[in-house]
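Just so it is clear: chains get the letters A, B, ... in the order the sequence lines come, proteins before strands, and each one is counted from 1. Below, all heavy atoms of this structure are taken into account, side chains as well, without hydrogens, waters or symmetry copies.
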Number of protein chains: 2
Amino acid sequence: MTLTPGARRILDVASVLFYEHGIHAVGVDTIAAESGVTKRTLYDRFGSKDALVADYLRARDERWRAHVVAAVEAESDPVRRALAPFAALEDWVAEGAGRGCAFVNAFAELDRPDHPGRAVIHDEKRWLRALFATELAGAGVADAPGLALQLLVLHEGALVTHAVAAEPAALRAAGDAARLLVDAARA
Amino acid sequence: MTLTPGARRILDVASVLFYEHGIHAVGVDTIAAESGVTKRTLYDRFGSKDALVADYLRARDERWRAHVVAAVEAESDPVRRALAPFAALEDWVAEGAGRGCAFVNAFAELDRPDHPGRAVIHDEKRWLRALFATELAGAGVADAPGLALQLLVLHEGALVTHAVAAEPAALRAAGDAARLLVDAARA
DNA sequence: CCTCCACTACACTGATCTGTGAAGCCCGAC
DNA sequence: GTCGGGCTTCACAGATCAGTGTAGTGGAGG
């Protein structure tokens, strides 16, 4: 899994360009040129654009999960742990996620269900829902899976609304709503 | 605003193809061929692909607003009116919106802020939030604009989660959460 | 009859797309 | 000193991209 220096640069450049401009809008020639690498190297390392796209999503997924897990682990109070992903979202956006959720955006562009990136997208959402469910169960919520789905909906909506509606207050609003739902479920 | 027969067909075909496969993935040649029209006609009627994309979004926006307004007007109870867009979402999805929110998807592909479609997308989200705010105020909610933003987040999240996470229960979960938030705000 | 217009036919531009083939260079490891 | 691998160079394939120019057809309305 260790990438060669060239492959590392390609993946880094591709990640920025895919996220910022969309997948179809960025050609492999651009990625290669911007990485200071020939197109030959790109294909020798990744095999195809589709595979590179999947690797882009995998790499972003890894970073995102680490970010969320760190935010959860930093809390000890069960309720605060369950709501930590909403706090994590605020840092994440502040660090440059102004174009919304990369996975939602990729889903919009990858219409073929068998595209290698689709599985990564699907897994990312399932993972977050499962994390919510685990933490909610730990917080003594009765229907943890059901509430987890509601928190996932709020979470997705927060990032999307923040970007698409250009509404910075969406993140805080989602976090507040999530807290109210959790409190109601524990009462 | 009345379209010629050819233009009508082009717009109908483009709407399906753009929504189902994405904007960049569908070429004008395909749209023209599928409409049983020459590319010349397409350009004579719409001027450019960007303009056609904007018209696609405008047309979908119109249908969507009419659908939501009908759902709201069908209710008399103030709370049910405010929550009507969530019910409307279920019909909408059942009628074939399996690829998520067309506006969110388009946002993912249109990276240029000056693209003519971007204004349509932005307006659609602002409109729905304003509708929520109006109905919530009518239902006697104190901070109607604030709660309207939360309902918008739930609404966006519902459609996205339904499609991206392949989770049909997301719609109902969002509606339930919305009702709980509204009830809490009226207590 | 004549004019307008929606539309066809079709050839073409120039750019860009993903992906490949063949040759060779440099450097570290064995 | 030889071998492998990370990488370059560059030419090229074949398709598809958005968009245009020119000429002509057929029908509806004045």
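When the ring pair (Phe, Tyr, Trp, His ring centres under 6.0 Å) test is applied to B/Tyr43, no partner is found at least two apart in sequence or on another chain.
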Are there any protein N/O atoms within less than 3.5 Å of an N/O atom in nucleotides 12-17 of chain D, and if so, which ones and at what distance?
none

Name the pairs: protein N/O against N/O of nucleotides 5-8 of chain D, kept only if under 3.5 Å.
residue : atom : partner : partner atom : Å
D/dC7   : OP1  : A/Gly6  : N            : 2.6
D/dC7   : OP2  : A/Thr4  : OG1          : 3.0
D/dC7   : OP2  : A/Arg45 : NE           : 3.1
D/dT8   : OP1  : A/Gly36 : O            : 3.3
D/dT8   : OP2  : A/Thr38 : N            : 3.2
D/dT8   : OP2  : A/Thr38 : OG1          : 3.2
D/dT8   : OP2  : A/Thr41 : OG1          : 2.7

Could you go over nucleotides 24-29 of chain D and give all protein N or O partners under 3.5 Å, atom names and distances?
none

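Taking atom OH on B/Tyr43 and atom P on C/dA9, their separation rounds to 19 Å, with Å as the unit. The distance between atom CG of A/Leu42 and atom P of C/dT18, rounded to the nearest whole Å, is 10 Å.
Using bins of under 30°, 30° to 60° and over 60° for the plane-to-plane angle, the ring pair B/His155/B/Phe86 lands in the perpendicular bin. Relative ring orientation between B/Trp64 and B/Trp92 is described as perpendicular, the plane-to-plane angle rising above 60° on a 0-90° scale split at 30° and 60°.
Salt-bridge formation is detected for the pair B/Arg58/B/Asp55: a Lys NZ or Arg NE/NH1/NH2 atom is positioned less than 4.0 Å from an Asp or Glu carboxylate oxygen. The pair B/Arg112-B/Asp50 meets the salt-bridge criterion, with a side-chain N (NZ, NE, NH1 or NH2) lying under 4.0 Å from an Asp/Glu carboxylate O. Electrostatic pairing of A/Arg172 and A/Asp176 does not count as a salt bridge here, judged by no charged N lying under 4.0 Å from a carboxylate O.
Residues A/Glu75 and A/Leu83 are not in side-chain contact: their nearest non-hydrogen atoms beyond the backbone lie 4.5 Å or more apart. Inter-residue side-chain proximity for A/Ile31 and A/Leu52 is flagged as met; some heavy-atom pair is nearer than 4.5 Å. By the 4.5 Å heavy-atom criterion applied to side chains, B/Arg60 and B/Glu124 are not counted as neighbours.
Between the two ends of the helix from C/dC1-D/dG30 to C/dC30-D/dG1, each summarised by a five-pair axis, the helix axis turns through 10° (rounded to 10 degrees).
Taking a 6.0 Å sphere around CZ of B/Arg65, one finds it holds more than 12 heavy atoms contributed by other residues, nucleotides or ligands.
Side chain of B/Tyr56 to backbone of B/Val16: no donor-acceptor contact under 3.5 angstrom is found. Formation of a donor-acceptor pair under 3.5 Å by the B/Asn105 side chain with backbone atoms of B/Arg99 is found in this model.
The side chain to side chain contact (heavy atoms under 4.5 Å, CB included) test with B/Val153 is passed by exactly one of A/Leu159, A/Val160, A/Leu154, A/Val153: A/Leu154.
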Legend entry - B/S/- contact track for nucleotides 24-30 of chain C, protein heavy atom under 4.0 Å: -------
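By the rule that hydrophobic residues join a cluster once side-chain heavy atoms approach within less than 4.5 Å of another member, A/Leu171 and B/Phe107 end up as members of separate clusters. If you chain together hydrophobic residues whose side chains sit under 4.5 Å apart, A/Leu42 and A/Val26 fall into the same group.
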